[in-house]
Amino acid sequence: MTETRTTTSHYEVQKKRRGDVLDYWKQNQRSIVRAEEVRLEDTPRRMRRGVMVSADGDRPSLVLDANVHQIDPGEVSTIHRHSWDAILFVVDGSGWSEVDGRRHEWRPWDTIYLPGWAWHRHGNEGGKPAKFASFSVQPMVELLGLAVVEDGGDTDFDQLPSRPATTESGLGADPYSNRLRRLEQASKEFAESRVLTSYDDVIFRVSPRGARSGFLVDSSIGHRTQGLTAVIHQLAPGLFQSRHRHGGEAWLFGVTGRGYSIIDDVRHDWGPGDLVIVDHWTWHQHFNASDSDIASLIRVHNFDTLYMGMSALLAPMSLFEEPPKLDAPDLTGVEWPDPAAGRPDA
Ligand SMILES: [Fe+2]
Ligand SMILES: [Fe+2]
């Protein structure tokens with residue numbers, strides 16, 4: 001027999017737990033991780049990894065993680081798969097990724113999307129180390145108790161087990177068959193997601209918010225993700241994006257040029273390889289610090305599942321706010337340079 005002797009009700013227990021959780025994550029919150037703070041370390045995958053933000057290093061996070069990876073010329077990594085999905089953004093050098101048996105060649109500023117459970121390995125046949133940043137929803141999947149990673153060493157793709165699959169649904173119209181059919185369909189869509197976004201194919205549009213932006217990973221260009229989206233924003237010389245705030249986090253990774261972000265009145269300068277983390281519900285605005293060159297950053301967040309879900313759960317509260325009149329610059333007449341200005345050679 002187990003007898004509860006405590007006089008504390010569930011109300012006090014939960015209240016304390018809520019407070020502890022907020023305190024813990026507040027302590028871990030940071031607005032910037034600079035490229036030079038990231039230490040690359042050897043791993044058994046034959047790639048070096050540097051933690052920008054992840055419990056794998058000393059900066060735990062709740063939803064997203066961010067790492068940088070380096071692979072030497074002539075090296076091929078082990079093949080592995082995991083239950084979470086990830087975005088890779090190539091910073092330097094060239095190479096290839098084999099994703100579920102298909103090879104994709106990449107060079108600087110190309111983006112690779114790795115669907116959850118897709119077997120993947122990377123190789124570098126170029127003359128210099130290849131470097132990419134990765135962003136994933138590993139922490140969120142771990143929080144749900146569903147984070148699994150499996151390393152397949154040097155095994156060929158066709159010798160490896162196929163992805164965990166939902167049993168075929170048959171023709172029944174009962175609730176169980178309905179569930180099988182729905183999950184079978186979703187798992188097919190994840191498996192067929194777009195993988196490669198070549199930078200040459202990115203379509204840039206000037207937005208009313210004051211930047212020229214292009215989708216890198218998004219459902220509108222053929223991705224099916226666990227919520228991740230990525231865009232590249234280019235800020236015109238001397239100009240800025242409009243101020244706003246929203247729920248969820250937005251992670252920004254410097255690509256080229258120099259800029260700064262003002263987050264709740266604090267200025268954070270950034271350049272290539274720096275990570276700016278916009279915490280939820282903080283007023284923020286991004287600026288180009290140069291009068292002659294563009295400044296680019298990529299923005300990653302968990303929009304399609306977590307943010308949309310929170311919006312629905314918290315309605316009628318709004319998770320997005322901007323001043324009644326957008327404080328964006330007028331970009332008519334701005335002469336934009338070639339979108340590839342500043343792109344490193346492969
Ligand atoms: Fe991976
Ligand atoms: Fe934002």
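Every number for a ligand or one of its atoms is a count from 1 in the order of the listing. Scope of the values below: all heavy atoms of this structure, side chains included, with no hydrogens, waters or symmetry mates. Please read all numbers here as calculations on a predicted model, not as lab measurements.
- The CD atom of Glu142 sits 9.5 Å away from the OG atom of Ser83 when rounded to the nearest 0.5 Å.
- One finds the OG atom of Ser296 at 4.0 Å from the CD atom of Gln234 (value rounded to the nearest 0.5 Å).
- Side-chain contact annotation: Thr282 with Arg245, donor-acceptor N/O pair under 3.5 Å absent.
- Separating the CZ atom in Phe287 from the CZ atom in Arg243 is a distance of 9.0 Å, to the nearest 0.5 Å.
- Only protein N, O or S atoms were scored, and 3 of them lie under 2.8 Å from the Fe ion (ligand 2).
- Among the heteroatoms counted here (N, O or S) of His80, NE2 is the one nearest to the Fe ion (ligand 1).
- Atom NE2 of residue His301 and atom OG1 of residue Thr229 lie 3.5 Å apart, to the nearest 0.5 angstrom.
- Distance check, rounded to the nearest 0.5 Å: CG of Asp274 to CG of Asp269 gives 9.5 Å.
- Remark: of the listed residues Trp106, Phe89, Phe253, Trp106 is the sole one forming a ring-ring contact (aromatic ring centres under 6.0 Å, His included) with Phe132.
- The angle subtended at the Fe ion (ligand 1) by NE2 of His82 and NE2 of His120 is 100°, given to the nearest 10°.
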